[in-house]
Amino acid sequence: MLVYIAKRLVFVIPVVFAVALVCFLLVHIAPGDPLISVLPPDASQALADQMRKAYGFDRPLPVQFGIWVWNALNGDLGTSIASGRSVTEEVMRAVGNTIMLAVLASLIGFVFGVTFGFLAGYFRDTWIDKLVTTISITGVSMPHYWLGMVLVIIFSVQLGWLPAVGAGPGGWAWDWEHFKHLILPAVTMSVIPMGIVTRTVRALVGDLLSQEFVIALRAKGLTEKRVFVHVAKNAAPTAIAVIGLQLGYLLGGSILIETVFSWPGTGFLLNSAIFQRDLPLLQGTILVLALFFVFLNLVVDVIQAAIDPRIKRG
Amino acid sequence: MSAVADDLVRIAAVDKARGYWASVFRRLSRDPLSVACASVLLLIALAAIFAPYLGLADPYQGSMIRRLRWIGTPGYPLGTDELGRDMVARLIYGGRLSLFLGLFPVVLAFCIGTTLGVMAGYLGGFVNQAIMRTVDVFYAFPSVLLAIAISGALGAGITNSIVSLTIVFIPPIVRVSESVTTSVRGLDFVDAARASGAGPITIMRVHVLGNVLGPIFVYSTSLISVCMILASGLSFLGLGTKPPEPEWGLMLNTLRTAIYANPWVAALPGAMIFIVSICFNLLSDGMRSAMDVRS
Amino acid sequence: MSEADLSAPAADVGGPQQPLLEVRSLSKHFPVRGGFIGKAGVVRAVDDVNFSVDKGEVLGIVGESGCGKSTTARLVIGLIQPDQGSIILDGEKLGASLSLRDLRRRVQMVFQDSYASLNPRLTVEDSIAFGPKVHGIAADDARARAHDLLRKVGLDPALFAARYPHELSGGQRQRVNIARALALSPRLVLLDEAVSALDKSVEAQVLNLLIDLKEELGLTYVFISHDLNVVRFISDRVIVMYLGEVVETGPVEALWSDARHPYTRALFAAMPSLDPDRRTQEAPITGDPPNPIDPPSGCRFHTRCPFAESVCSEKSPSLFATGNERHFAACHMVDPASGHSKAGHFSARELQHA
């Protein structure tokens with residue numbers, strides 16, 4: 001087991017390096033002057049050069065990359081051009097908000113997804129199954145940013161129950177005043193994962209139930225409840241893997257929802273970084289999000305291996 | 001016993017041998033849901049293609065006095081947008097770009113991805129490692145993030161969107177292609193083809209491709225709806241289509257502020273994306289079922 | 001390559017004395033990955049195998065699953081590269097004066113799984129015509145040739161040429177496979193468990209077809225099977241393989257009546273008989289089949305051999321003449337100078353009562 005973890009960790013290192021490289025390249029192939037947002041339009045050449053030097057943009061690219069990576073390993077992701085604050089600080093602040101949102105959305109998606117999936121798998125080809133399948137396909141086909149808008153229309157504009165934007169006044173606090181800002185975005189974000197989990201669990205449960213070992217279990221006289229436990233144990237690794245992956249996607253892909261709801265998370269940060277052409281911020285944010293994703297995949301793999309002994313063997 | 005079987009085959013042999021795709025198509029056409037979805041898509045596609053001949057209002061021509069009219073206003077069956085342009089025209093014309101942006105990147109990714117994946121699967125060894133490890137690196141990014149990052153780097157615009165989306169969809173197609181190709185390659189008839197003295201390209205073309213295109217194609221169709229949503233999403237963020245072009249995602253963006261004044265008009269473009277997306281998904285599922293049942 | 005070249009087998013080279021195929025010291029080891037650092041083991045699938053095939057004969061290869069029969073076949077036809085050893089066809093060595101393409105023009109193979117050996121997307125005639133087309137025959141000519149071959153294997157082209165593999169029965173598919181193997185007019189056909197998956201009645205039909213074709217087209221066969229009855233029916237000579245090595249080789253009747261290697265005798269003894277007087281009292285062979293990654297030292301069979309002595313675990317026996325014509329066995333009991341207590345003066349009766 002430890003060998004498996006060690007092996008996976010070793011393979012992660014080149015991936016992380018490659019991810020950092022891609023992040024860096026992505027941002028630097030962008031046309032346009034990175035300082036455009038900070039420099040006044042009539043700035044003199046001398047001032048421009050000075051600023052360029054301060055940010056290190058005058059060095060050749062590989063050197064810039066090396067410096068960036070070295071600093072990153074020490075926790076310093078550079079300084080945001082637009083705000084002047086440390087990128088690390090900005091990102092970490094935003095990441096907390098996004099994680100909150102993503103985790104809640106994943107939870108909702110997982111709970112409902114697994115429930116619906118089980119129902120559909122157990123009652124395959126009945127009306128329950130058809131209903132659940134319809135719901136899950138709807139979930140997966142839905143442009144979630146549009147759903148967000150629709151929910152805002154219904155619950156904010158028409159009914160006025162929940163707020164439309166933001167995360168609540170001041171910093172975060174665990175009270176209703178803040179929590180109600182979390183509901184709509186989290187529900188919106190949960191729809192796609194729920195759809196995917198439902199489909200996966202349904203297929204899995206349906207497959208398992210038709211397999212011969214279940215028939216054998218029933219013939220042995222095992223009660224339905226025990227059969228259910230057996231099926232659940234077999235379905236667990238895949239279900240967990242799926243939701244783990246979804247959590248990763250949500251972390252990285254939250255930008256659309258966060259834009260709709262003006263939720264102050266990494267997606268929102270990414271948005272402003274793009275439009276302000278704030279290179280250090282952009283680089284740092286993408287890197288952190290991608291690394292979260294890689295790390296999450298690793299955790300999911302390890303958990304899966306722990307539960308399903310077949311995978312452990314390489 | 002085999003004599004009986006031979007007789008049956010002889011009786012049935014008077015029919016011409018059936019092609020594989022023909023039987024898939026037949027099965028598909030018997031599924032009401034698939035037919036419905038295909039019809040809806042066809043309708044929307046035709047409307048989009050023949051938009052200039054449908055006698056619609058000018059999608060670029062607006063007037064500030066007529067902005068944000070409600071659905072059902074006489075002369076404007078679906079209302080007007082924030083610049084007074086007729087929604088019916090905007091939606092139908094918008095279909096052109098939205099459908100194009102949803103389909104074309106997937107088509108490109110299919111061509112490039114299949115080539116790379118089949119090569120990786122058939123040739124194995126170093127080629128396989130080089131291609132698959134590169135794909136792994138891209139897999140380390142969530143697709144939305146990758147699309148936005150690339151688009152953000154390249155800037156807004158239709159061409160850039162297409163580049164960005166194609167890059168996002170190549171890795172999954174490569175993975176599926178490689179996996180299917182590897183399993184086909186292990187089958188005896190590929191060995192038999194090699195034993196006839198054929199070279200790798202001939203074998204890939206004649207024996208491998210025909211057997212792998214099916215599953216890869218079906219998988220790719222399931223990506224269309226994701227691509228549509230992503231493409232519109234990019235426009236929604238301002239990274240895709242630029243105004244005043246009509247495109248459903250962009251329309252959602254510009255109409256966002258109007259949800260307080262006229263919520264239902266503001267929601268219309270998203271409804272279109274949703275309808276097209278769900279039709280593609282259901283059709284893709286139907287295709288998968290039609291292909292699964294081997295005769 | 002013109003139509004004329006393919007309509008008849010490649011001209012005979014070297015006369016009847018020269019063996020059609022010679023295999024010398026053929027070895028193939030597959031690496032096995034294991035452990036964290038990749039501590040490799042090797043599966044010694046084929047180890048120093050020697051045999052020859054005369055023109056016009058049928059050489060049978062028997063052995064249990066995993067003994068290396070299929071790997072040997074794939075090595076001969078060039079689907080796998082050997083680690084060591086040489087393959088000599090008509091006196092020409094593969095890799096030297098014989099190119100892979102030439103080899104494949106003269107040697108063809110029929111596989112076991114009749115369904116997996118045919119491309120499900122190609123019609124029967126397209127599958128058969130593929131080989132000729134690859135070698136430059138025009139499409140129409142190749143099709144005509146395919147129809148010809150279908151007739152030869154007993155399938156009416158009017159009914160079968162345009163069919164797909166899934167529309168045929170197992171026996172019919174195997175006939176198509178045979179037709180395909182014959183499409184390039186080979187001189188040697190390798191049949192790897194070609195009838196093993198068929199029903200008995202169909203099997204008999206296909207075997208008779210094979211024999212007829214051999215006569216008509218002047219073919220030579222290497223027939224691989226684990227079914228001893230079938231091998232006896234069709235072969236002239238037989239080699240017996242165990243764990244990647246050849247343990248005995250000889251004319252078919254010599255082997256059946258006077259097998260000298262304990263493994264061969266055990267194989268025959270394990271065949272169920274309909275004769276009520278020959279009931280099996282004990283299992284003819286004991287012990288677990290050894291691990292192909294770590295074969296026993298010396299004679300690989302010694303762990304299961306009732307006659308094993310210390311010399312058997314120390315020295316590996318090579319094929320030694322038994323006194324019968326062209327009959328060799330790799331057992332220390334056959335070699336009078338081996339140091340085995342029974343060396344050189346055993347008798348069939350002794351072997352039977354052991």
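What you are looking at is a predicted structure, and each value in this text was computed from that prediction instead of being measured. Letters A, B, ... are given to chains in the order of the sequence lines, protein chains preceding strands, and every chain is numbered from 1.
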Subject >> Heavy-atom pair of closest approach, residues C/Gly131 and B/Ser196 >> reply: CA-CB, 3.9 Å
Subject >> Any C/Pro120 side-chain heavy atom under 4.5 Å of B/Phe189 side chain >> reply: yes
**OP:** First locate atom CD1 of C/Ile80, then atom CG of B/Asp191, and finally report the distance between them rounded to the nearest 0.5 Å.
**Re:** 8.0 Å
**OP:** Please confirm whether the backbone N or O of B/His207 pairs with a side-chain atom of C/Arg121, one donor and one acceptor, at under 3.5 Å?
**Re:** no
Original post:
Among C/Arg180, C/Arg101, C/Arg104, which has the most heavy-atom pairs under 4.5 Å with chain B?
Top reply: C/Arg104
Original post:
Taking side chain as C-beta onward, heavy atoms only, is C/Phe130 less than 4.5 Å from B/Thr202?
Top reply: yes
Subject >> Crowding at CZ, C/Phe30 (>12 non-hydrogen neighbours, <6.0 Å) >> reply: yes
Subject >> Lys/Arg-Asp/Glu bridge criterion (N-O < 4.0 Å) met for B/Asp188, C/Arg74 >> reply: yes
Subject >> Interface residue of largest heavy-atom contact number with chain B, from C/Leu118, C/Leu198, C/Leu122, C/Ile77, under 4.5 Å >> reply: C/Leu118
Original post:
Is chain C contacted by the side chain of B/Val206, its backbone, both, or neither, given a heavy-atom distance below 4.5 Å?
Top reply: both
